[in-house]
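Before any comments, here is the structure.
FYI, the numbering just counts along the sequence from 1.
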Amino acid sequence: MKNVLAVLFFSLLAPLTNVFAITYRGADISSLAILEASGQTYSDGSTKPFETILTSHGANLARIRIWVSNSSDYNLNYGVALARRAKAAGMSIMVDLHYSDTWADPGKQGIPSGWSTSLSSLNTQIYTYTLNVVQTFVDAGITPNFIQVGNEVNDGMLWPTGRISVNGYSPLSQLLHSAVSAVRTVSPSTKTVIHIANGWNKSAVQSFFQQIFIAGQLATGDVDVMGFSMYPFYDAGATLSALKSSLTNVVSLYGKVASNLPLYCHPNVAIISLRT
């Protein structure tokens with residue numbers, strides 16, 4: 001069966017100035033091997049590996065999610081194998097760490113099975129886990145270009161301990177710093193990404209970043225890229241003009257931003273632009 005992979009297609013542009021020079025074009029290909037195992041194949045006129053199709057049409061960055069549980073669909077070994085394919089095709093790598101055994105998003109951020117619920121223990125566990133993930137990629141000959149520490153962490157992660165609406169910003173600030181520290185220890189050249197949803201919401205975005213940076217915890221220097229999701233099909237307020245206003249504000253305050261902006265939406269495909 002031939003099919004188009006349900007992917008998030010994006011471009012990573014840098015730096016964010018009045019004129020954008022495109023640095024990366026890519027896709028979240030996390031489900032690729034799972035779909036292939038179900039019998040799906042991909043074609044742009046002739047059947048080829050999907051990563052080959054992407055690169056032949058200008059893509060050069062693969063985003064790959066990782067869940068903590070070794071028995072999950074998106075476990076570490078699965079992610080490394082997929083990254084190896086993407087790298088062999090000439091793509092750079094962005095690793096998206098959910099810090100959960102399943103999907104992490106604004107509505108759910110479950111602590112992985114076997115992890116503690118105390119903040120001090122979680123700081124140690126997230127550091128050790130992140131260290132191991134990055135080291136595993138490096139040992140496989142795949143140094144990630146980007147590590148996304150958490151996925152859509154608007155209300156924190158590792159709930160309830162790191163949930164902002166329950167315990168404020170300090171626990172999340174500490175946890176993000178611990179994760180970033182692990183990335184820096186193994187691979188100083190890898191860029192770190194803090195990622196939240198609804199990048200178009202100027203007041204919410206500004207409020208988050210005004211409160212997440214806390215002295216002695218997460219510093220602005222810990223964050224190389226501020227990443228944002230935006231889905232126009234979920235909210236009427238998610239417009240291009242709202243996004244532009246929000247990102248312009250973030251750049252004026254911090255000088256760094258990335259936004260995955262759907263330019264074309266279809267039940268199976270979202271074409272987006274990621275600017276940094």
Side-chain angles (χ1 to χ4, degrees), residues 1-17 19-66 73-97 136-148 151 187 189-191 193 195 224-225 227-233 240 257-276:
M1 173 184 178
K2 294 182 179 179
N3 196 3
V4 177
L5 179 65
V7 299
L8 209 57
F9 186 75
F10 57 86
S11 298
L12 181 63
L13 294 81
L16 185 64
T17 59
V19 178
F20 300 119
I22 295 177
T23 303
Y24 295 98
R25 297 182 180 90
D28 188 318
I29 64 169
S30 300
S31 296
L32 176 57
I34 295 171
L35 293 172
E36 288 174 335
S38 72
Q40 293 189 17
T41 59
Y42 306 95
S43 171
D44 62 351
S46 60
T47 302
K48 305 172 187 173
F50 190 70
E51 64 272 21
T52 301
I53 294 174
L54 288 176
T55 55
S56 66
H57 290 275
N60 60 3
L61 178 66
R63 182 175 184 246
I64 299 169
R65 79 179 61 92
I66 302 292
D73 288 337
Y74 304 103
N75 61 61
L76 179 56
N77 289 336
Y78 173 91
V80 169
L82 194 55
R84 184 176 288 112
R85 285 178 53 179
K87 182 181 178 183
M91 304 181 81
S92 297
I93 305 298
M94 176 185 286
V95 177
D96 174 12
L97 299 179
T136 300
F137 273 92
V138 171
D139 289 347
I142 311 164
T143 298
N145 300 80
F146 301 90
I147 294 284
Q148 182 181 310
N151 193 72
S187 181
S189 66
T190 297
K191 302 296 185 183
V193 183
H195 180 253
D224 297 311
V225 178
F228 306 95
S229 298
M230 174 172 159
Y231 302 101
F233 40 80
L240 284 172
V257 66
S259 177
N260 49 333
L261 161 66
L263 301 179
Y264 167 76
C265 301
H266 178 276
N268 291 326
V269 180
I271 305 298
I272 70 173
S273 168
L274 179 57
R275 295 178 174 178
T276 182

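- A donor-acceptor pair is defined here as one N or O able to donate and one able to accept, closer than 3.5 Å; such a pair exists between the side chain of Ser56 and the backbone of Thr52.
- Between the side chain of Thr190 and the backbone N or O of Pro144, at least one donor-acceptor pair lies under 3.5 Å.
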Could you list the donor-acceptor pairs under 3.5 angstrom formed between side-chain atoms of residues 74-84 and any protein atom two or more places apart in sequence or on another chain?
residue, atom, partner, partner atom, Å
Tyr74, OH, Ser31, OG, 2.7
Tyr74, OH, Arg65, NH1, 3.4
Asn75, OD1, Asn77, N, 3.1
Asn75, OD1, Tyr78, N, 2.9
Asn75, ND2, Asn70, O, 3.2
Asn75, ND2, Ser72, O, 3.0
Tyr78, OH, Ser30, O, 2.6
Tyr78, OH, Ala33, N, 3.3
Tyr78, OH, Ile34, N, 3.4

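- In this structure, His57 and Asp44 have side chains that are in contact, with non-hydrogen atoms separated by less than 4.5 Å.
- Counting only distance, with no hydrogens or angles, the side chain of Asn145 and the backbone of Ile93 share a donor-acceptor pair below 3.5 Å.
- Taken from NZ in Lys48 to CD1 in Ile53, the straight-line distance is 6.5 Å, to the nearest 0.5 Å.
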Working for side chain to side chain contact (heavy atoms under 4.5 Å, CB included), residues Ile29 and Arg63: CA-CA 6 Å; Ile29 64 169; Arg63 182 175 184 246; over 6 Å; no
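- The distance from the CZ atom of Phe137 to the CD1 atom of Ile66 is 4.5 Å, given to the nearest 0.5 Å.
- Under the rule for a side chain to side chain donor-acceptor pair (under 3.5 Å), Ser92 has no partner lying at least two apart in sequence or in another chain.
- Residues meeting the side chain to side chain contact (heavy atoms under 4.5 Å, CB included) test with Lys87, sequence neighbours left out: Ile142.
- Here the CD atom belonging to Gln40 is positioned 4.5 Å from the CG atom belonging to Leu35, to the nearest 0.5 angstrom.
- Residue Asp96 holds its CG atom at 9.5 Å from CD1 of Ile147, rounded to the nearest 0.5 Å.
- With sequence neighbours left out, Thr55 forms a side chain to side chain donor-acceptor pair (under 3.5 Å) with no residue at all.
- The salt bridge (charged side-chain N to carboxylate O under 4.0 Å, His left out) check on Asp73 picks up nothing, with sequence neighbours excluded.
- Every residue meeting the salt bridge (charged side-chain N to carboxylate O under 4.0 Å, His left out) condition with Arg85, not counting sequence neighbours, appears here in chain and number order: Glu36, Glu51.
- Residues Leu61 and Met91 share a closest heavy-atom pair of O-CE, 3.3 Å.
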Side chain to side chain contact (heavy atoms under 4.5 Å, CB included) between Leu97 and Gln148, intermediate numbers included: CA-CA 6 Å; Leu97 299 179; Gln148 182 181 310; over 6 Å; no
